[in-house]
Amino acid sequence: MQVFKFGGASVKDANGVKNLAIVLKKVGYKNTLVVVSAMGKTTNALELVIKNYFDNKTELQSSLQDVKNYHNAILLDLFDNVNHFVFKKINDLFDELNSFLKSNKSPDYNYVYDQIIGYGELLSTTIISEYLNTINIKNNWIDVRSQIKTDNYYRRANVNWKATQKLITSSFNTSILNITQGFLGSDNNNFTTTLGREGSDYTAAIYAYCLNASSVTIWKDVPGVLNADPRYFEHAQLLNKISYREAIELAFYGASVIHPKTLQPLQGKEIHLFVKSFLNPEAMGTQIGKNETLEPMMPCFIVKKNQVLISLSSLDFSYIVEENISEIFSLLHQYKMKVDVIQNSAISFSVCVDDIYNNLDALLHHLKSKFKITNHTNVSLYTIRHYTQSAVQQIETGKTILLKQITQETIQVVTK
């Protein structure tokens with residue numbers, strides 16, 4: 001059993017869908033599950049729909065129509081017959097989405113977000129499944145929400161592993177190619193939940209774990225895992241092999257090519273993870289497994305933009321001790337801040353966070369009652385694994401350094 005995951009960039013248009021079929025034919029699809037993300041920038045487009053739903057009702061239908069036009073254009077490129085029933089299937093999904101927009105009574109943004117955003121994956125997998133059937137790659141379309149069960153922590157749901165394992169193993173047919181959605185699950189009330197942005201990789205790992213797969217392959221528009229994001233760093237190089245431990249470290253610090261949660265279930269059963277290019281599917285790519293040595297050994301650069309650096313000190317210059325730190329972390333948890341770096345001294349405490357839920361103002365208001373606060377928004381957090389002096393100089397040159405933290409193998413620098 002093998003699991004393939006195709007991201008949005010790989011199926012952003014009709015040619016991308018056709019290329020997915022070419023990849024399957026080249027590398028083989030016997031005993032395979034394909035996990036697919038939303039097409040292209042559909043998730044971003046649906047986020048605009050959500051924004052308009054809450055803030056700008058006059059633009060709501062226009063933004064939704066843009067999503068519909070985008071998918072209809074792909075349909076027209078893929079299917080010669082406009083009477084093919086896939087057109088009705090897609091139209092039905094949009095009718096279902098419209099019905100939710102008209103009938104929903106919940107003011108909970110996170111709940112509404114998950115109910116709307118998941119249509120991107122439902123649309124993409126429906127189109128791809130029907131296209132593959134037309135070219136005689138017979139497959140079974142699975143609604144992932146019927147198999148991956150979670151709690152109701154909308155936008156970052158936690159998997160109920162026991163229920164999920166039971167549902168997947170009791171209903172999965174390995175005799176045919178299976179296609180399902182990444183990123184999605186459902187709670188006990190069968191409302192749609194999501195696993196966090198880039199959660200499709202995690203979906204692939206969940207299925208691999210439950211099905212005892214031999215491998216997971218993530219198909220990307222890059223040749224594999226690089227030592228740096230080529231959008232921000234010149235001369236990024238391919239890493240041929242990485243250990244689970246190293247990959248988890250890179251994912252924890254924010255390497256965008258692998259979702260942080262993806263590696264843990266794979267490591268538990270020693271399932272190999274491959275990251276390969278859908279443009280060159282027969283190339284080796286990157287292999288991630290147990291006891292692999294980083295090859296080649298070199299500095300690995302990670303950058304996280306739009307971070308917030310918060311610095312606290314006690315109002316009366318007393319020590320920042322366990323009681324204070326416990327309270328600070330309780331508030332960070334309460335306001336759903338993702339913590340990336342912490343640094344403390346006798347009378348100060350600094351933390352670099354990702355304000356995913358836009359709760360910064362409320363958090364600062366709460367903290368100011370007990371601490372003296374300074375904060376910097378829109379800062380960048382650079383992390384270098386296996387750093388060298390020249391690598392550090394490369395990222396510090398021309399920037400204002402707000403915080404620096406060094407361990408034996410890793411350096412982190414917050415810059416403005």
Side-chain angles (χ1 to χ4, degrees), residues 1-7 10-11 17 20-39 78 84-86 88-90 92-93 118-150 159-188 190 192-195 199-219 262 265-266 268-274 278 281:
M1 180 75 198
Q2 60 183 350
V3 180
F4 290 166
K5 180 263 176 173
F6 288 87
S10 67
V11 290
V17 175
L20 182 151
I22 292 170
V23 171
L24 293 178
K25 289 177 180 178
K26 282 186 176 181
V27 302
Y29 53 88
K30 184 179 179 181
N31 229 5
T32 299
L33 166 68
V34 174
V35 175
V36 186
S37 301
M39 291 174 153
L78 289 174
H84 192 290
F85 58 83
V86 69
K88 183 179 186 306
K89 281 188 172 184
I90 296 302
D92 287 347
L93 284 171
Y119 279 91
E121 280 71 19
L122 296 171
L123 291 163
S124 67
T125 51
T126 299
I127 292 171
I128 291 165
S129 174
E130 294 301 334
Y131 173 73
L132 292 178
N133 278 325
T134 64
I135 61 171
N136 293 317
I137 300 180
K138 300 304 178 185
N139 66 89
N140 176 46
W141 184 91
I142 298 170
D143 187 335
V144 72
R145 299 171 298 179
S146 69
Q147 295 187 339
I148 293 183
K149 303 301 290 186
T150 74
V159 175
N160 181 332
W161 283 94
K162 184 177 180 180
T164 297
Q165 175 88 62
K166 183 178 180 180
L167 287 167
I168 289 176
T169 54
S170 65
S171 60
F172 200 88
N173 180 5
T174 59
S175 66
I176 189 171
L177 173 67
N178 289 279
I179 293 180
T180 196
Q181 307 79 38
F183 184 49
L184 308 181
S186 68
D187 63 17
N188 287 337
N190 292 321
T192 303
T193 58
T194 62
L195 305 176
S200 294
D201 293 359
Y202 188 33
T203 304
I206 292 167
Y207 271 101
Y209 180 91
C210 292
L211 294 169
N212 294 314
S214 58
S215 66
V216 172
T217 302
I218 298 174
W219 297 97
T262 299
L266 301 182
K269 291 191 175 179
E270 297 184 12
I271 299 168
H272 274 100
L273 173 64
F274 297 92
F278 59 76

Partner set under side chain to side chain contact (heavy atoms under 4.5 Å, CB included) for E130, not counting sequence neighbours: F79, H84, F85, V86, K89, N133
Nearest heavy atoms of S124 and V36, plus distance in Å: OG-CG1, 4.0 Å
Side-chain heavy-atom pair I22, F278 within 4.5 angstrom cut-off: no
Please list, one pair per line, the donor and acceptor atoms closer than 3.5 Å that link side chains of residues 170-180 to other protein atoms, with sequence neighbours excluded.
residue	atom	partner	partner atom	Å
S170	OG	K166	O	2.8
S170	OG	L167	O	3.3
S171	OG	Q147	NE2	3.0
S171	OG	L167	O	2.6
N173	OD1	S175	N	3.0
N173	OD1	S175	OG	2.5
N173	ND2	S175	OG	3.3
N178	OD1	N140	ND2	2.9
N178	ND2	N173	O	2.7
N178	ND2	I176	O	2.9
T180	OG1	I142	O	2.9
T180	OG1	V144	N	3.4

Spatial distance of atom CD (E270) from atom OG (S214) [nearest 0.5 Å]: 13.5 Å
Minimum heavy-atom distance between V27 and P281, given as atom pair plus value: CG1-O, 4.0 Å
Contacts of type salt bridge (charged side-chain N to carboxylate O under 4.0 Å, His left out), residue K88, not counting sequence neighbours: D92
F6 side chain near I128 side chain, heavy-atom distance below 4.5 Å: no
Worked check of side chain to side chain contact (heavy atoms under 4.5 Å, CB included) between N136 and K138: CA-CA 5 Å; N136 293 317; K138 300 304 178 185; 3.9 Å; yes
Student check: side-chain heavy atoms of N139 and Y29 closer than 4.5 Å: no
Q181: partners by side chain to side chain donor-acceptor pair (under 3.5 Å), with sequence neighbours left out: T125
From CG (L33) to CE (M1), nearest 0.5 Å: 5.0 Å
Flag side-chain contact, heavy atom, 4.5 Å: I271 against V3: no
Set of side chain to side chain contact (heavy atoms under 4.5 Å, CB included) partners for N212, sequence neighbours left out: K269
Side-chain donor/acceptor of E121 to backbone N/O of S37, under 3.5 Å: no
From OG1 (T262) to OH (Y209), nearest 0.5 Å: 15.0 Å
Distance-minimising heavy-atom pair for Q165 and T169: O-OG1, 2.7 Å
Heavy-atom check, side chain of T126 versus side chain of W141, under 4.5 Å: yes
Shortest non-hydrogen contact from S146 toward D143: OG-O, 2.7 Å
Any I206 side-chain heavy atom under 4.5 Å of W161 side chain: yes
Validation row: L78, T134 side chains within 4.5 angstrom (heavy atoms): no
Non-hydrogen atoms of A208 and V216 that approach each other most closely: CB-CG2, 3.4 Å
Heavy-atom side-chain proximity of T203 to L184 below 4.5 angstrom: no
Test item: T32 side-chain N/O and K30 main-chain N/O as donor-acceptor pair under 3.5 Å: yes
Under 3.5 Å donor-acceptor, S186 side chain and K149 backbone: no
V23 and F4: CA distance, side-chain angles, deciding distance, side chain to side chain contact (heavy atoms under 4.5 Å, CB included) verdict: CA-CA 10 Å; V23 171; F4 290 166; 5.5 Å; no
Audit row: L123, M39, side chain to side chain contact (heavy atoms under 4.5 Å, CB included) steps and yes/no: CA-CA 8 Å; L123 291 163; M39 291 174 153; over 6 Å; no
Residues forming a salt bridge (charged side-chain N to carboxylate O under 4.0 Å, His left out) with K5, sequence neighbours excluded: D201
Side-chain donor/acceptor of Q2 to backbone N/O of G28, under 3.5 Å: yes
